[in-house]
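Worksheet for the structure shown next.
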Number of protein chains: 2
Amino acid sequence: MARTGRPRSFDRDAAVTIATHLFWQHGYEGVSLDQLRTAMGGISSASFYAAFGSKEALYREALSVYLATYGRVTDALRDQTLPPRERIEHALRRSAMMQTTPGHPTGCMVTLSATIGSDQTTALKGLTATERQANRQAIVLCVTSAIENGTLPAEVDTVGLAAMFDGLLLGISLLARDGMTGDVLNGAISNAMRAWDMLAIAPR
Amino acid sequence: MARTGRPRSFDRDAAVTIATHLFWQHGYEGVSLDQLRTAMGGISSASFYAAFGSKEALYREALSVYLATYGRVTDALRDQTLPPRERIEHALRRSAMMQTTPGHPTGCMVTLSATIGSDQTTALKGLTATERQANRQAIVLCVTSAIENGTLPAEVDTVGLAAMFDGLLLGISLLARDGMTGDVLNGAISNAMRAWDMLAIAPR
DNA sequence: CGACTTCTGGATCGAGTAGTTCAGATCTCA
DNA sequence: TGAGATCTGAACTACTCGATCCAGAAGTCG
C-alpha cells in the first residue's frame, strides 16, 4: 500500500494478530496501549497511532480478523449444503474445538471481549452484539427449516429450541474460560442434540 | 457497631447495594471510584475509604451480598428435598427468572462481573470462578445421584450431561444480557430438560 | 465540661490512561 | 541528486485512576 517514504519497522499484520489475541484474552478495556505496544515489539506511541489510528480502531480491525479466521467456525450455521440439524451440531462442535485449542485464548472473542464494561464502550458492545444476533437468527432459521422440510413437527417451540442451542453456544465460551476441555464440551453438545432428536419425526 | 464518634452521614448497607448493582452491570474494572461515590450520594473519597477500605474490598463485600440474595436462585442445586432432575430444573428456571427481572442488572454477577479483564484482577476472577465451580460440582452430583437412585442409567455420560446444563446456566447470563426475555429462556430450559428425559429410565 | 472516638471536606498524590507533537531518519521517484 | 512522502524516537499533554492526608466537625462517654 505505502509506496514511498520510510518503511514501517514492524509487521503490521502480525501486530494486528497480537492485538487480536490480547483483546480476545482480556477484553477491550482490559488491554492498555502500553501492553499492546510492548507485545508488538516495543513500538513507539507515534508508530502505533500512525499505523492504527486509535485503540478503538485497532479493536475493530482485530475483531474483523477474528471473524475472518477463528470466527468462521460458526459458518456451518449458514451452510445450505448441510441438513438443519447438522448445521447446528457442526457449529457447536467446531466452536468447542476452536475455543479449547492451545495457541490462542480460550472462549470466543465475540462473546467475551466486549460484553461487559464501562458505558464508554457501548459502540463496541454493539459490534459484538450484532454478531451474536446474526448467529441467533441463523439458529432459528435452522429450526424453522427443519419444520418446513418435515424433520421437526410444526408444534415445536422454535424460539425455545433455538435459544437452548444459542445459550449453549454462548455458554461454551465461559466453560472454555473455566478450563473445560474440548472432550467435555463435545459431551455437552452430544447431550444437547438429544433434545432435537427427541422432537424429530424421522428416527436417527 | 460504631459506638462513639461522629456518625456516618450515609447508609452503608444501601451503599453496598448500589455498589453491587454497579459491579453487576459493568464488571469490577468497568466501574470507577468516581462512579461509585457519586451513585452513593456524592460521598467523599475519605468517607469511601473509611467505610470500605478499598475498591477491591467493596467488590468482595458486594459479591457476598449478591450471593446471599439474588445468587440464592441456584441453591436448588443442593436442595436434598428435591429429586435430582428437579434440582437442576428449578435452579435453571429461577436463574432465568431472576436474571430477567427488572429492577437490577440482567444476567448473573458471578458469571459476568469478574470473568474477563486485565491481569490485575486475577484474585477476583478466582473468587467468582470458585462459585461457578461449586455450581458445576453440584450439577454433576445431581446426575450421579440420579444414576444411583435408578432414574438415569449407569451408562450416562455424567460429565457431558452435567456440562450441558452448566453451559446453559452460564449461557443464560449472556442471553439475558442480549435482551432475551424470561419466557424465551424458560423455553430453552424446557428443551434442555428433554435431553435428561430422553435418557431417563422411568417415563415422565 | 472535656477527653476521646469516628467521620467528613477538600486538597493532593503518584501512577497510569489514551493520544499528540515534532525534529529527524529513511525510503521512492523524477 | 534532491524533492516529497512516510515512519520513528522521545518528550509531552491532559486526564483519569485508586488511594492518602489532615484539619476540623460531630458524635459518645466519664
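What you see is a predicted model; the values in this text were computed from it and never measured. Proteins get letters first, then strands, A, B, ... in listed order; numbering begins at 1 in each.
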#### Entry: Per-nucleotide protein contact string for nucleotides 22-30 of chain D (B base, S sugar-phosphate only, - none; heavy atom under 4.0 Å)
--BBBBSS-
### Message
Rounding to an integer number of Å, can you tell me how far B:Gln35 CD sits from D:dT16 C1'?
### Response
12 Å
### Query
Under the 3.5 angstrom rule, does the side chain of B:Thr111 hit a backbone N or O of B:Leu170 as a donor-acceptor pair?
no
### Summary
Closest to the 5' end of DNA chain D, once B:Ser45 and A:Ile43 are matched to their nearest nucleotides, is A:Ile43
### Query
When you look at A:His104 and A:Trp24, which way does the side-chain contact (heavy atoms from CB on, under 4.5 Å) test go after all the steps?
CA-CA 9 Å; A:His104 56 73; A:Trp24 186 355; 3.1 Å; yes
### Query
Is it the case that more than 12 heavy atoms not belonging to A:Glu56 sit under 6.0 Å from its CD atom?
yes
### Sugar-phosphate only, base, or nothing, as touched by B:Ser9 at under 4.0 Å among non-hydrogen atoms
sugar-phosphate
### Electrostatic pair A:Asp197-A:Arg85, nearest N-O below 4.0 angstrom
yes
### Query
Base, sugar-phosphate alone, or nothing: which one does B:Phe52 contact when heavy atoms must sit under 4.0 Å apart?
nothing
## Note on the structure
Applied to residues 136-145 of chain A, the side-chain hydrogen bond (donor to acceptor under 3.5 Å, both in side chains) test, sequence neighbours excluded, yields A:Gln133-A:Arg136, A:Arg136-A:Asp166, A:Arg136-B:Asp178
### Presence of A:Tyr49 side-chain N/O under 4.0 Å of C:dG19 phosphate oxygens OP1/OP2
yes
### Query
Ignoring hydrogens and angles, are the base of D:dT16 and the side chain of B:Ser32 linked by a donor-acceptor pair under 3.5 Å?
no
